Number of protein chains: 2
Amino acid sequence: MGIKPHCGGGQDTLICHHLHGGRPTPFQSSAAFLGGPGEGSPCTPGLGWAGEGPGASGKNRHVCHAMARLEMGSLWEEFNRLGTEMIVTKAGRRMFPTFQVKLSGLDPLADYVLLMDFIPLDDKRYRYAFHSSSWLVAGRAEPAAPGRVHFHPDSPAKGAQWMRQIVSFDKLKLTNNLLDDNGHIILNSMHRYQPRFHVVFVDPRHDSERFAHQNFKSFSFPETQFMAVTAYQNHRITQLKIASNPFAKGFRDSDPEPW
Amino acid sequence: MGIKPHCGGGQDTLICHHLHGGRPTPFQSSAAFLGGPGEGSPCTPGLGWAGEGPGASGKNRHVCHAMARLEMGSLWEEFNRLGTEMIVTKAGRRMFPTFQVKLSGLDPLADYVLLMDFIPLDDKRYRYAFHSSSWLVAGRAEPAAPGRVHFHPDSPAKGAQWMRQIVSFDKLKLTNNLLDDNGHIILNSMHRYQPRFHVVFVDPRHDSERFAHQNFKSFSFPETQFMAVTAYQNHRITQLKIASNPFAKGFRDSDPEPW
DNA sequence: CGATTCACACCTAGGTGACAATCT
DNA sequence: AGATTGTCACCTAGGTGTGAATCG
């Protein structure tokens, strides 16, 4: 399973003003900032730092060859076959599996910011039917939580640095607290989400805001979609978490193959 | 006790080529890179990004007003009165107290790299006389270990970011392994050292190497000098470490005032 | 014999799901 | 009844000095 072009998530298109400034502080940022095509759109021919027209649909050459490979793909797929659930808590809970990617195709000498956001997969609210071990639609979605983004804490950094090793979003935490002021990602429990990953070229041009829509490339891995929950519903998900997450080793009975 | 101007440490003057590039990897860097006056030298009049002559002795305006206040000063002084000892191990050992400073006077919008190095305080080797509880000179110094530097892992970052909160060098580790390939600071046991702290302005000019000697400012806090040891010699140092380092709580008997 | 090394018990710091209590 | 919250035992990960063993 690979990368799916992502086209819009129903969120407003906003420019992120942190990308050319200092190290972004996650909770200063709110709202996802793009909905356009990521993967799959053509590079603007000959587009460099020189001329380009506003409104051009191509991507800046610094991002158009960027590629991201999802790490731990088989583990993600095993969860996905059961219907991945991610715990959300007031204090914030990490994701497991952790979202990790291996990057390539960046300009080693250019600066990039890496970030993630989470798109509602539909406008429904769910509940779990224990007797049939399946999810049922339980109504329309709650009002969408503030659309926050999570900047990778090493941002900004050079392309060479990002490509040197696996990029891990293990500091990212999910919360259901609408008033959270720790900069965590706010999600509605019992709603489905698609994690999204963005590579943003830090454009050194003065009027770089005008080209912001060309300076990023986005990746969505369908096998990483999940249901946000406050407690696990599917017992097989619980067992797979216990079996594969080192921090849950205390709940293992025997010693089957660790991941 | 305050800041002492530092003039040379007997090490060669080298230019650090990482300062304008990507995130520096500590163990890629070797050799301290300056010996000139830090604190106390005048700013070059009107010196900005514009004209200045090579060999000008003043400091770039981005660093000349930089100030660093040592944190936990009274703890450092308490150790210093007894004769601070720092453990060095093959695997690398953190310093305690941790070297921490509060910065001011930086340009909030400019990029800076922060780093530390360690200067031999003399060319002697010591040994501890337990009967008199004092240090004796035991000969001439061993050949100086490779003069590494430790970049603060958040480097480079904007002045505003550095000044926002206390800058802590808690990732810095000391080793006595001359073949260390973990990027740790290599010191000779039974030798005395003076930690040094450097603020380096990341000069965006093309030929910034020519001005490297103007783009940094250095700080030496005499109360942070120490003897490198493989095992504590002065029992009162051991007791003060146990009393003040949270990780050594297991060795406390009663519960006197924690630091 | 002084200096160094290593395994170890004991901490800090923080990530797990279980489970009882509580909320709506 | 379903969803959420808070506490807890049990982990991972790694920073302490100790004290015996070893090195030179």
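Each chain gets a letter, A, B and so on, in the order its sequence line appears, and its residues count up from 1. Being a predicted model, the structure only gives us computed values, none of them experimental.
- For dT12(C), the OP1/OP2 oxygens have a side-chain nitrogen or oxygen of K249(B) closer than 4.0 Å.
- Legend: salt bridge (Lys or Arg N to Asp or Glu O under 4.0 Å) pairs involving residues 121-137 of chain B, not counting sequence neighbours, sorted by first then second residue: D123(B)-R140(B), R125(B)-E142(B).
- For dG6(D), the OP1/OP2 oxygens have a side-chain nitrogen or oxygen of K90(A) closer than 4.0 Å.
- Residues from residues 231-238 of chain A placing a heavy atom under 4.0 Å of any atom in DNA chain C, listed by number, are Y232(A), T238(A).
- Contacts of R93(B) with the nucleic acid, taken as non-hydrogen atoms under 4.0 Å apart, include base atoms.
- Residue Y126(B) is the one, among A248(B) and Y126(B), whose nearest nucleotide of DNA chain C lies closer to the 5' end (criterion: closest heavy atom).
- In the set dT16(C), dT4(D), dT12(C), dT12(C) carries the atom at the smallest distance from any side-chain atom of P246(B).
- With rounding to the nearest 0.5 angstrom, the CG atom of L121(B) is 8.0 Å from the OH atom of Y126(B).
- Between dG17(C), dG6(D), dG15(D), one nucleotide has an atom nearer to the side chain of F251(A) than all others, and that is dG17(C).
- Checking the phosphate oxygens (OP1, OP2) of dT5(D), a side-chain nitrogen or oxygen of N176(A) falls inside 4.0 Å.
- A close approach under 4.0 Å does not occur between any side-chain nitrogen or oxygen of T89(B) and OP1 or OP2 of dT5(C).
- Under 4.0 angstrom from either OP1 or OP2 of dT5(C) there lies no side-chain N or O belonging to T230(B).
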